[in-house]
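First the structure, in the form of structure tokens, and then the observations on it.
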Amino acid sequence: MTIQDLQSLNVYPAFKTFTVGDAACDEIKLPSACNQVSIGCDGTKIYLAQNGYSEGDDIDTNDNAFIPASNFLIIRLGKGKNRSNSLFVQSSSGNVKVHVILEEVQ
């Protein structure tokens with residue numbers, strides 16, 4: 001479990017790749033200008049969550065979305081007070097590389 005702090009990124013689109021495991025979630029801290037996130041993984045289903053989770057929680061049980069292996073999920077973020085500052089990601093099986101694309105969409 002690791003915090004992926006991407007808050008300092010300021011050129012878009014920004015591409016990041018990091019490893020996550022299946023025992024606990026990793027937090028992805030998002031830059032303030034980012035309003036769209038695409039996330040996916042080759043070969044393994046991953047879980048994505050936001051509401052009520054913290055770094056290190058096990059998110060594969062409920063209140064999550066799953067992203068099928070070799071797919072991306074595109075998420076439009078809210079604005080103002082409705083905007084999420086972070087997302088949480090976890091592998092369904094073993095350690096996997098997660099690919100993230102951060103965008104500032106007009």
Side-chain angles (χ1 to χ4, degrees):
M1 92 190 135
T2 304
I3 294 176
Q4 302 296 329
D5 190 349
L6 308 181
Q7 293 173 320
S8 65
L9 297 175
N10 59 9
V11 177
Y12 301 101
F15 299 85
K16 286 297 188 180
T17 303
F18 48 86
T19 301
V20 301
D22 60 0
C25 71
D26 285 8
E27 181 177 7
I28 304 169
K29 291 190 174 187
L30 303 170
S32 60
C34 173
N35 61 9
Q36 181 168 292
V37 178
S38 301
I39 187 166
C41 177
D42 280 340
T44 303
K45 176 175 72 174
I46 58 174
Y47 299 104
L48 189 66
Q50 193 270 324
N51 306 71
Y53 285 102
S54 297
E55 171 72 19
D57 288 345
D58 187 0
I59 65 172
D60 70 350
T61 54
N62 56 21
D63 295 335
N64 64 45
F66 71 89
I67 305 166
S70 301
N71 282 278
F72 270 90
L73 176 66
I74 300 170
I75 300 169
R76 292 288 302 255
L77 300 175
K79 295 180 181 181
K81 292 181 181 180
N82 297 321
R83 185 186 181 282
S84 174
N85 293 321
S86 62
L87 296 171
F88 299 89
V89 63
Q90 184 172 334
S91 169
S92 66
S93 178
N95 292 332
V96 298
K97 282 189 180 179
V98 171
H99 303 269
V100 176
I101 305 168
L102 305 173
E103 297 179 85
E104 182 180 34
V105 178
Q106 302 301 322

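One is the number of the first residue; the rest follow in order along the sequence.
Note that the SG atom of C34 and the CG atom of N10 stand 12.0 Å from one another [nearest 0.5 Å]. I3 contributes atom CD1, which lies 9.5 Å from atom OG of S54 (distance to the nearest 0.5 angstrom). Between the CD atom in Q4 and the NZ atom in K29 there is a gap of 11.5 Å [rounded to 0.5 Å]. Between the CG atom of D5 and the CD atom of E27 there is a distance of 8.5 Å, given to the nearest 0.5 Å. One finds the CG atom of L9 at 11.0 Å from the OG atom of S32 (value rounded to the nearest 0.5 Å).
When all heavy atoms are compared, the tightest approach of T2 to E55 is N-OE2, 2.9 Å. Between G43 and S70 the shortest heavy-atom distance is N-OG, 3.1 Å. Taking each heavy atom of G56 and A24 in turn, the nearest pair found is O-CB, 3.2 Å. Residues K45 and S92 share a closest heavy-atom pair of O-OG, 2.7 Å.
The hydrophobic cluster around Y53 extends to Y47, I59, F66, F88, counting ILVMFWY residues whose side-chain heavy atoms fall within less than 4.5 Å of a member.
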May I have the list of side-chain donor-acceptor pairs in residues 71-81 shorter than 3.5 Å, sequence neighbours left out?
unit_1: N71; atom_1: ND2; unit_2: A69; atom_2: O; d: 2.9

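A 4.5 Å side-chain heavy-atom check between P31 and L102 finds at least one atom pair inside the cut-off. A 4.5 Å side-chain heavy-atom check between Q90 and N64 finds every atom pair outside the cut-off. Side-chain contact between V100 and L87 is absent, with no heavy atoms from C-beta onward closer than 4.5 Å.
The side chain to side chain donor-acceptor pair (under 3.5 Å) check on N95 picks up nothing, with sequence neighbours excluded. For C41, the side-chain contact (heavy atoms from CB on, under 4.5 Å) partners at least two apart in sequence or on another chain are T44, I46, V96. Under the rule for a side-chain contact (heavy atoms from CB on, under 4.5 Å), the partners of E103 that lie at least two apart in sequence or sit in another chain are P13, Q36, S38, I101, V105. With sequence neighbours left out, the side-chain contact (heavy atoms from CB on, under 4.5 Å) criterion links T17 to K97, H99.
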Trace of the side chain to side chain contact (heavy atoms under 4.5 Å, CB included) decision for I39 with I28: CA-CA 11 Å; I39 187 166; I28 304 169; 3.8 Å; yes
